[in-house]
Amino acid sequence: MRSSAMAWTVEEATEERRHGEVGPEAAEAGPTPVPLMELTTGFWRFKVLAAAVELGLFTLLARLDGADAPRIGAELGLHPRPVRMLLACCTALGLLERDDDGGYRNAPTAREFLVEGRPHYFGGFVRYSDRYGFPGWDRLGEALRGNRPTTWDPDAMESAFVTADPAILEGFWEAMFTLSSFTAAALGEAYDFGPHRRLLDVGGGAGAFPVGLCRRHPHLRATVLELPRVAAMAREKAAGLGLAGVIEARDGDFLRDERLPGGHDVILLSMILHDWDEETGRGLLKKCHDALPPGGAVIICELVLDDDERGPAPAALMGLNMLIETRSGHNYTYAEYGEWLAGAGFGPVTVLPLDAAGANAALVARKPG
């Protein structure tokens, strides 16, 4: 039995810290600066991940089937001192596993998502965030004062993707396909697409939602409406997965086109409405209403803010990211989406909670009839 905090062994102190306690008196303590320290240094974690991805650490360990620090340093051309630090950080963050003999292997998350060439490689989004997102967030004060994006110049460019490095952009879209695939799986669990026959995915990127949902429901057919360069990626993805006869990609611009393609009984808007202002969002929902038959459904899949705007944090932070990356985007509340849907002519809204990186809820509303 410990008589005081000073009597702890190093092992005991380490174990207590792992469980979120720093000493016997912790339960009686008031506020501490620990949460502020974590907020202040949060970028340290991201930069560790970004550096490891840029160096190809996880791909290297997959190729070598694990290695010790000297071998890793030799392969990456790094001095032993920074190698030791990087490996310790990656292990502490749960990206690597270290055995008793000093060998390192990829942890499950890294093995699944951070090895180049794997089906769900997420490193493209890490690289995009490091190259464009991180510098934009570094100018957050400027964005707040000027109410304008900082990842690109809206006075000289159409969007952030116009001048982006094509290789970085390609990796970004692949990572978005992975992110959307997992969100699509969550949506497929929460909502029954069995009664539907044709899905229209508005601004659906490379088609991750149609791929996942059509595989889950073999009777379902889908259309991805996208800008020509992205629609081409969706066609290629569908063909490569043997779904060319199930999923079509149609060139279009859901903002500028007068109407959306008809012939669909369910329309999906996944992480679309947060890119635009209220007027644009209301207008798009009206287009959805006009394109659907009576009884047809629209599904809004987003990180939605609580009505009191106290959270959740992912939705609030994504909203601020819209300030950094878009002219007028915002993450909206359940009440706001409900008002927009009613204004567009839809019936009552059903809210389906989701547990996914890309969305915390799906809002479903039907066209009366």
Side-chain angles (χ1 to χ4, degrees), residues 38 41-80 82-99 101-137 151 164-186 205-206 208 211-212 233 237 240-241 271 303 314 317-318 321 355-359:
E38 291 179 350
T41 62
F43 70 94
W44 293 1
R45 292 168 170 79
F46 168 68
K47 293 301 286 187
V48 166
L49 171 61
V53 168
E54 192 63 32
L55 288 167
L57 172 62
F58 308 109
T59 303
L60 171 68
L61 287 175
R63 176 170 63 83
L64 298 178
D65 194 23
D68 59 16
R71 175 71 185 279
I72 294 169
E75 291 280 346
L76 297 180
L78 300 178
H79 188 278
V83 166
R84 179 182 175 186
M85 295 172 178
L86 178 63
L87 294 175
C89 287
C90 288
T91 304
L93 294 175
L95 300 172
L96 297 181
E97 296 173 345
R98 187 181 190 273
D99 61 35
D101 296 325
Y104 292 87
R105 295 180 183 275
N106 288 326
T109 298
R111 189 162 56 245
E112 181 73 12
F113 298 109
L114 296 175
V115 176
E116 293 188 61
R118 294 284 171 85
H120 296 306
Y121 182 61
F122 196 68
F125 182 65
V126 177
R127 286 194 170 103
Y128 175 87
S129 297
D130 194 36
R131 179 79 66 86
Y132 298 104
F134 189 79
W137 274 84
T151 56
D165 183 325
I168 296 291
L169 195 55
E170 181 179 356
F172 169 85
W173 285 116
E174 284 295 327
M176 288 301 96
F177 189 91
T178 289
L179 183 70
S180 295
S181 295
F182 282 83
T183 308
V211 167
M233 295 172 58
K237 182 69 71 172
L241 295 173
M271 296 188 76
L303 289 168
L317 291 168
M318 181 61 79
N321 191 57
D355 183 13

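Note that the numbering runs from 1 along the sequence shown for the chain. All of these numbers come straight from a predicted model, not from anything done at the bench.
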Taking [Y]'s backbone N and O only, do any of them form a donor-acceptor pair with [X]'s side chain (distance below 3.5 Å, no angle check)?
X: Asn106; Y: Phe58; result: yes
X: Arg105; Y: Leu61; result: no
X: Arg111; Y: Ala62; result: no

What closest approach, in Å, do [X] and [Y] show between heavy atoms, and which atom pair accounts for it?
X: Trp173; Y: Gly205; value: CZ3-CA, 4.3 Å
X: Leu114; Y: Thr59; value: O-OG1, 3.9 Å
X: Ala52; Y: Cys90; value: CB-SG, 4.0 Å
X: Pro135; Y: Ser129; value: CD-O, 4.2 Å
X: Gly94; Y: Ala107; value: O-CB, 3.2 Å
X: Arg63; Y: Glu75; value: NH2-OE1, 3.3 Å

- [ ] May I ask you to test the Tyr121-Val53 pair for a side-chain heavy-atom distance under 4.5 Å?
- [x] yes

Task: Min side-chain heavy-atom separation Leu93-Leu49 under 4.5 Å - done: no

Open item on the list: side-chain contact (heavy atoms from CB on, under 4.5 Å), that's the test. Do Met271 and Met176 meet it? Break it down for me.
Closed with: CA-CA 11 Å; Met271 296 188 76; Met176 288 301 96; over 6 Å; no

In Å, rounded to the nearest 0.5 Å, how long is the span from [atom1] of [X] to [atom2] of [Y]?
X: Thr183; Y: Leu303; atom1: OG1; atom2: CG; result: 8.5 Å
X: Phe125; Y: Thr178; atom1: CZ; atom2: OG1; result: 12.0 Å
X: Thr109; Y: Leu96; atom1: OG1; atom2: CG; result: 11.0 Å
X: Tyr128; Y: Asp165; atom1: OH; atom2: CG; result: 11.5 Å
X: Leu78; Y: Leu55; atom1: CG; atom2: CG; result: 5.5 Å
X: Leu179; Y: Phe172; atom1: CG; atom2: CZ; result: 9.0 Å

Open item on the list: Measuring centre to centre across the rings, with the benzene-like ring taken for any Trp, is Phe113 within less than 6.0 Å of Phe182?
Closed with: yes

Task: CZ (Arg84) with more than 12 external heavy atoms under 6.0 Å - done: no

Task: side-chain contact (heavy atoms from CB on, under 4.5 Å) evaluation trace for Leu57 with Leu95 - done: CA-CA 11 Å; Leu57 172 62; Leu95 300 172; over 6 Å; no

Task: Verdict with reasoning, Asn321 to Leu317, per side-chain contact (heavy atoms from CB on, under 4.5 Å) - done: CA-CA 6 Å; Asn321 191 57; Leu317 291 168; over 6 Å; no

Task: Qualifying residue for salt bridge (Lys or Arg N to Asp or Glu O under 4.0 Å) with Glu54, from Arg131, Lys47, Arg127 - done: Arg127

TODO: Take Val83 and Leu76 through the side-chain contact (heavy atoms from CB on, under 4.5 Å) test and state the conclusion after the steps.
DONE: CA-CA 9 Å; Val83 166; Leu76 297 180; 5.9 Å; no

- [ ] Applying side chain to side chain contact (heavy atoms under 4.5 Å, CB included) between Tyr104 and each of Asp68, Asp99, Leu87, report the one that passes.
- [x] Leu87

Task: Basic-acidic side-chain contact under 4.0 Å: Lys237, Glu174 - done: yes

